[in-house]
Amino acid sequence: MRAEQPGVRSSRRRAVEDRAVAWLAARRALLDPRSARPDSVLFTRKALIETAFLTGLRARLDDAPLTDDYASILEQVEDVAREPSYREMIARDESALLLYAGTYAALRLCGRDAPEFERIIRQAVEGGYAAAFERVPYRQLDLIHTLYLCGIEHDLSSMDDVLPFSLLCRRPNVLKLADRDVYAITHTVFYVTDFGLRDPAWPRGFRPGEGVELLEALLVLAEARANADLVGELLCCLYCLGVTDSRAADRAWAFLESVQEGNGRVNGPEGVLHPGTDDGDGDFRHWAEGYHTTVVAALAGLLERSPRRRTQPPPSPPAEDVPLRTPLRRAVMWLCDATQEQDHRSGLAGVTAAAVGASAIREHDLVRPSLERCAAHLADASPAFWQEQGMEIAGEFALALRRAGISCPSLDEHLKATADAVASFGSIPADIAAGVHRLIGLGVLDRSVASAIPRQTTHRERHFYPLHAAVSLCEARETYHLGRMAATLRALVQQGWGHHRITRDAVSFLVAQQDTGGAFGHPALDDRTARRKAQYSWTRSAVIALAAAATPGPTD
């Protein structure tokens, strides 16, 4: 398929902006708090400031005159802001300064000065509370940035002094971030870069490339959850950091285009409206649930086409992998001890997992005694027993025995019988292909059989992280399902995603679940037997996954 020309792509993205602004302009009357119901006045004021700010940024980032749609929004904003009932709310409730000051900033950016509005804001800033009460870092950055756009002097710390305390610069684990945390990150980027017009003084040790990596990982998670609002904000952040050539940005655009309605509206996530706020008014709900995400989509188009004064951030050096030798060694030793308490079936799975872990760190002798003990117990095991284990466990156990020079007659017979059966097949079913490759690797099946294995075509886009895996990792962390997390993690590494930020953070989370004895997981149970059972299962799964991460496949 022929690649899309840059001019065509830009036109399509400009169309997203134009449609979004047209939808907002057609509903500008809903931005007027004077006509809002009492229970929706605050919501309407928030919508007013955010839509007004979009218009202010349009005037700031594009020298061309405002289009009719932008101009009609500006007229609505100016009409509301000139009324004492709006601007004097600042003096009556200084804690809500930011709910109004952004409106003045937008007017100022559009060349619509409002001296009385500015005076009330300045008075509140100097009043000893509006700019003094404690705020979390990104809210403090919001205040500093807004006052800058308002042209109001202050004695607050600079944005660069506040930045090191932000979540953005603390290297968070992406799997642990709630939506509110992601919004804190996106807004931090907006303010410290002044929407792409400013180069921040990044904290020592923090590289802008790390921020890009974080944003792109969060984009995967936002799209996986079909959250167009966060997809749009994260896309805007990439532009604010100077990113102009990004597959993640292209994918985000494709998603936004797919969810934008024909009239320009983009639906927002659940929970935008407080229950009961709409009072059964369908038109209001339709506007309220979509206005913010539609604003964000328009902003993405505006930032994409604006002359950016910042350059692409230099790429960060390859991220360091999580150290896995020590966790794996401790877990292998724990498993070897724990398998002595298990029956043959569970014991075999544990010894096999321990052998996989020992092989990953090249310390095969750690598991030799356990292998000898297990092989002796299973020397006369029935074919049905080996059939129950499946080729993955049986094959890995056989490989470990071979490395150690240990024999297990019943296993050898089972593998030979299985190989003979496979050799008689005219074609190999896809669901046993992995087992067939194991038999070939063990040398009990001729390599020529591999030609009967059907080639598998993959529909996965090679450059894009699998969304289902991202969702699985997040759900596994939220429910503390370590087995599911380990299985997903192992599959990602085998598919070549071992160095992606999401996978690395999953590895970090899993490693952090190891206790001082080497077992994985915190069952939050007091019964010793139940605790031991849960940890035994989790540790087996974790060791296999971390062994794959310690010896990853092709890089992505």
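Heavy-atom basis, side chains included; hydrogens, waters and symmetry copies ignored.
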Is there a donor-acceptor contact under 3.5 Å from the side chain of [X] to the main chain of [Y]?
X: R14; Y: S11; result: no
X: S306; Y: L303; result: yes
X: R504; Y: H499; result: yes
X: T186; Y: L234; result: no
X: T188; Y: A184; result: yes
X: S166; Y: L163; result: yes
X: Q260; Y: V16; result: yes

Donor-acceptor pairs under 3.5 Å, side chain of residues 82-91 to any protein atom, not counting sequence neighbours: which ones?
from : atom 1 : to   : atom 2 : distance (Å)
R82  : NH1    : D79  : OD1    : 3.1
Y86  : OH     : T103 : OG1    : 2.7
R87  : NH1    : R82  : O      : 2.4

So which atom in [X] and which in [Y] form the shortest heavy-atom distance, rounded to 0.1 Å?
X: L143; Y: A131; value: CD2-CA, 3.9 Å
X: Q495; Y: P466; value: OE1-CG, 4.2 Å
X: V507; Y: A549; value: CG2-CB, 4.2 Å
X: C474; Y: L175; value: SG-CD2, 3.9 Å
X: D161; Y: S157; value: CB-CB, 4.2 Å
X: A300; Y: Y239; value: O-CE1, 3.9 Å

(request) Report the C-alpha distance between R45 and Y100 in whole Å, list the side-chain angles of each, state the deciding distance to 0.1 Å, and finish with yes or no for side-chain contact (heavy atoms from CB on, under 4.5 Å). (result) CA-CA 8 Å; R45 286 175 177 157; Y100 305 95; 3.2 Å; yes

Within this structure, what is the [atom1]-[atom2] distance for the pair [X] and [Y], rounded to the nearest 0.5 Å?
X: S472; Y: R477; atom1: OG; atom2: CZ; answer: 13.0 Å
X: L31; Y: R34; atom1: CG; atom2: CZ; answer: 11.0 Å
X: E210; Y: E213; atom1: CD; atom2: CD; answer: 7.5 Å
X: C240; Y: D194; atom1: SG; atom2: CG; answer: 9.0 Å
X: L218; Y: L177; atom1: CG; atom2: CG; answer: 6.0 Å
X: D18; Y: Y70; atom1: CG; atom2: OH; answer: 7.5 Å

Answer yes or no: does atom [atom1] of [X] have more than 12 heavy-atom neighbours from other residues, nucleotides or ligands under 6.0 Å?
X: Y183; atom1: OH; answer: yes
X: D68; atom1: CG; answer: no
X: E153; atom1: CD; answer: no
X: R170; atom1: CZ; answer: no

Do the non-hydrogen side-chain atoms of [X] and [Y] ever get within less than 4.5 Å of each other?
X: I502; Y: L221; answer: yes
X: L156; Y: L147; answer: yes
X: P208; Y: L241; answer: no
X: R247; Y: F464; answer: yes
X: D505; Y: L473; answer: no
X: L167; Y: Y138; answer: no
X: Y291; Y: T51; answer: yes
X: L98; Y: T146; answer: yes

(request) Describe, in one word, how the ring planes of W497 and H500 are oriented to each other, choosing from parallel (under 30°), tilted (30 to 60°) and perpendicular (over 60°). (result) perpendicular

(request) Mind telling me whether W23 and H286 have parallel, tilted or perpendicular rings, with 30° and 60° as the class edges? (result) perpendicular

(message) Is the positively charged end of R198 above the ring of Y148, judged by distance under 6.0 angstrom from the centroid and angle within 45° of the axis?
(response) no

(request) Taking the six-membered ring of F255 (Phe, Tyr or Trp), confirm whether the NZ or CZ of R251 is under 6.0 Å from its centre and within 45° of its axis. (result) no

(message) With side-chain contact (heavy atoms from CB on, under 4.5 Å) as the criterion, how do D32 and L48 come out once you've worked through the C-alpha distance, each side chain's angles and the decisive distance to 0.1 Å?
(response) CA-CA 7 Å; D32 194 338; L48 174 68; over 6 Å; no

(request) Check whether the side chains of D229 and H292 place a donor and an acceptor atom closer than 3.5 Å, and report yes or no. (result) yes

Give a yes or no on whether a salt bridge exists between [X] and [Y], defined as a side-chain N under 4.0 angstrom from a carboxylate O.
X: E216; Y: R501; value: no
X: R305; Y: E17; value: yes
X: D69; Y: R58; value: no

(message) With a 6.0 Å cut-off on the ring centroids, do F190 and F53 count as close?
(response) no

(message) For a side-chain contact (heavy atoms from CB on, under 4.5 Å) check, start with the C-alpha distance between E261 and R19, then their side-chain angles and the critical distance, and finish with the verdict.
(response) CA-CA 9 Å; E261 299 168 12; R19 288 193 298 268; over 6 Å; no

(request) With sequence neighbours left out, write down each residue that passes side chain to side chain donor-acceptor pair (under 3.5 Å) with T503, or none if nothing qualifies. (result) Y465

(message) Using the rule given for salt bridge (charged side-chain N to carboxylate O under 4.0 Å, His left out), can you reason through E475 versus R484, listing the C-alpha separation, both sets of side-chain angles and the distance that settles it, and then say yes or no?
(response) CA-CA 9 Å; E475 291 178 348; R484 179 180 178 184; 2.8 Å; yes

(request) Before giving the answer on side-chain contact (heavy atoms from CB on, under 4.5 Å), spell out for V259 and N267 the whole-Å C-alpha distance, their side-chain angles and the decisive distance to 0.1 Å. (result) CA-CA 8 Å; V259 298; N267 195 41; over 6 Å; no

